[in-house]
Amino acid sequence: MAGEWIAYDIGLPDKPEVQELIDTTGDPVEVIVFRLLRLWGWAAMNTADGRARMTVPRLVRTCGADAAFWQAVAAVGWLEIDETDATVAIPGWDRRFSQAAKSRLQQADRSASHDDRRRRVGPADARPSEGPTPQRGRGDRGDRGEVPPPPREAAPWKPESPEETWKAFRAAWNAGAAAGNRREWKPATPPDGWSDRLVEIGWGDKAEEAVKRLKTCRYFDTPVTLVQFVGPRFVDLCLGGQYDAAKAKRGGREPEKAPAAAWSGDDAERFEATKRKLVESLKEAK
């Protein structure tokens, strides 16, 4: 289908998840961004909700890279791989790609079905208030030129106001920074992603446990930043033990060397003979 598109965040190359993928895989940023766009573009054309029947080998064949790369993408929270059910899913699909190609196509099908039903039932029995959501075109941004955000169920982390919640969290975060497992946050304002996490149901309680668990995480070579911590699914991955083990070195483990075999008597005699010849050669050179 020609002319299909997905939204692209111009700040994608600088996001903490992408920077972590660079450190983990050793691939250049342009390669990582291209592979992510391949994944999201394929999902936009072939799924309605970001979930598809897809094994890791098929994912590699479709979007490139290798299994280790896509496992790294899953580790930063941008992919869910279920090898038991042979499926992959993109977290937050509805919020990020709600206008994806297959979603728009299904919306058009629902609109056509509704119009057909109204024609058969008749205007007297039709209920206009239950009609399908009007479909928006690419340039249709509403009366104020903006795409309205998707509705989310508000669930503040704590009963205090958001400002008080942030101040309390920042103070608690910085108080433990001296332990070395997290980096102090100096700005007075919260990082990007904080407000998104704040409205997620149960995130606050999980965040408190994740902060305590950071000291057991051996995956990170440097202290965890608050930008990383408030990233999508970081807390869930931390509590799930994804960061407990040390990061695997690129190229795998160095093979162990076999222990040297004990010398036999013949080996010792040959060594002594070689050493005598070397000494005599040095004397002659003088």
Side-chain angles (χ1 to χ4, degrees), residues 4-47 50-83 86-93 95-97 100-101 181-183 191-193 196-197 210 214 217-255:
E4 293 299 344
W5 55 274
I6 60 174
Y8 173 72
D9 184 349
I10 60 175
L12 178 62
D14 300 318
K15 286 189 176 295
E17 292 85 354
V18 173
Q19 295 300 312
E20 185 174 336
L21 286 172
I22 295 172
D23 294 337
T24 303
T25 66
D27 294 324
V29 63
E30 60 270 20
V31 172
I32 290 174
V33 169
F34 175 75
R35 289 171 178 169
L36 291 173
L37 291 177
R38 284 276 295 167
L39 170 67
W40 296 334
W42 180 90
M45 295 295 294
N46 294 277
T47 74
R51 181 177 298 276
R53 293 192 59 80
M54 174 75 81
T55 62
V56 174
R58 254 183 272 158
L59 179 62
V60 170
R61 188 169 63 244
T62 302
C63 300
D66 54 20
F69 176 84
W70 296 113
Q71 293 292 349
V73 174
V76 302
W78 280 0
L79 187 65
E80 293 177 352
I81 300 174
D82 190 334
E83 296 184 356
T87 61
V88 297
I90 300 174
W93 178 266
R95 182 159 59 91
R96 295 184 179 91
F97 302 103
N181 53 32
R182 57 185 185 267
R183 187 174 300 169
D192 292 342
D196 292 334
R197 303 291 83 75
L214 283 179
C217 296
R218 298 186 296 129
Y219 179 82
F220 303 101
D221 298 327
T222 58
V224 173
T225 67
L226 193 54
V227 174
Q228 288 176 286
F229 189 82
V230 300
R233 297 194 70 240
F234 181 96
V235 165
D236 292 329
L237 292 172
C238 180
L239 295 179
Q242 293 286 337
Y243 303 130
D244 289 355
K247 185 186 301 183
K249 300 297 182 182
R250 185 168 177 80
R253 294 178 55 189
E254 183 177 338

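Nothing fancy with the numbering, it's 1 onward along the sequence.
Between the side chain of W78 and the backbone N or O of A72, no donor-acceptor pair lies under 3.5 Å.
A 4.5 Å side-chain heavy-atom check between T47 and W93 finds at least one atom pair inside the cut-off. Inter-residue side-chain proximity for V73 and I32 is flagged as unmet; no heavy-atom pair is nearer than 4.5 Å. Considering only heavy atoms from C-beta on, Q19 stays 4.5 Å or farther from P13 through its side chain.
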message = For T24 and Y219: C-alpha separation, side-chain torsions, deciding distance, then whether side chain to side chain contact (heavy atoms under 4.5 Å, CB included) applies.
response = CA-CA 10 Å; T24 303; Y219 179 82; 3.3 Å; yes
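E83 approaches V56 most closely through the heavy-atom pair OE2-CG2, 4.3 Å. Pairing each heavy atom of V235 with each of A210, the nearest pair is CG1-CB, 3.9 Å. Here the closest heavy-atom approach between residue L237 and residue G77 is recorded as CD1-N, 3.8 Å.
For F34, there are no ring-ring contact (aromatic ring centres under 6.0 Å, His included) partners, not counting sequence neighbours.
The side chain to side chain donor-acceptor pair (under 3.5 Å) pairs that include a residue from residues 28-44 are D27-R35, where partners are two or more places apart or lie in different chains.
Counting heavy-atom neighbours within 6.0 Å of R233 CZ, excluding the residue itself, gives a total above 12. Other residues, nucleotides and ligands contribute at most 12 non-hydrogen atoms within 6.0 Å of the CG atom of D192.
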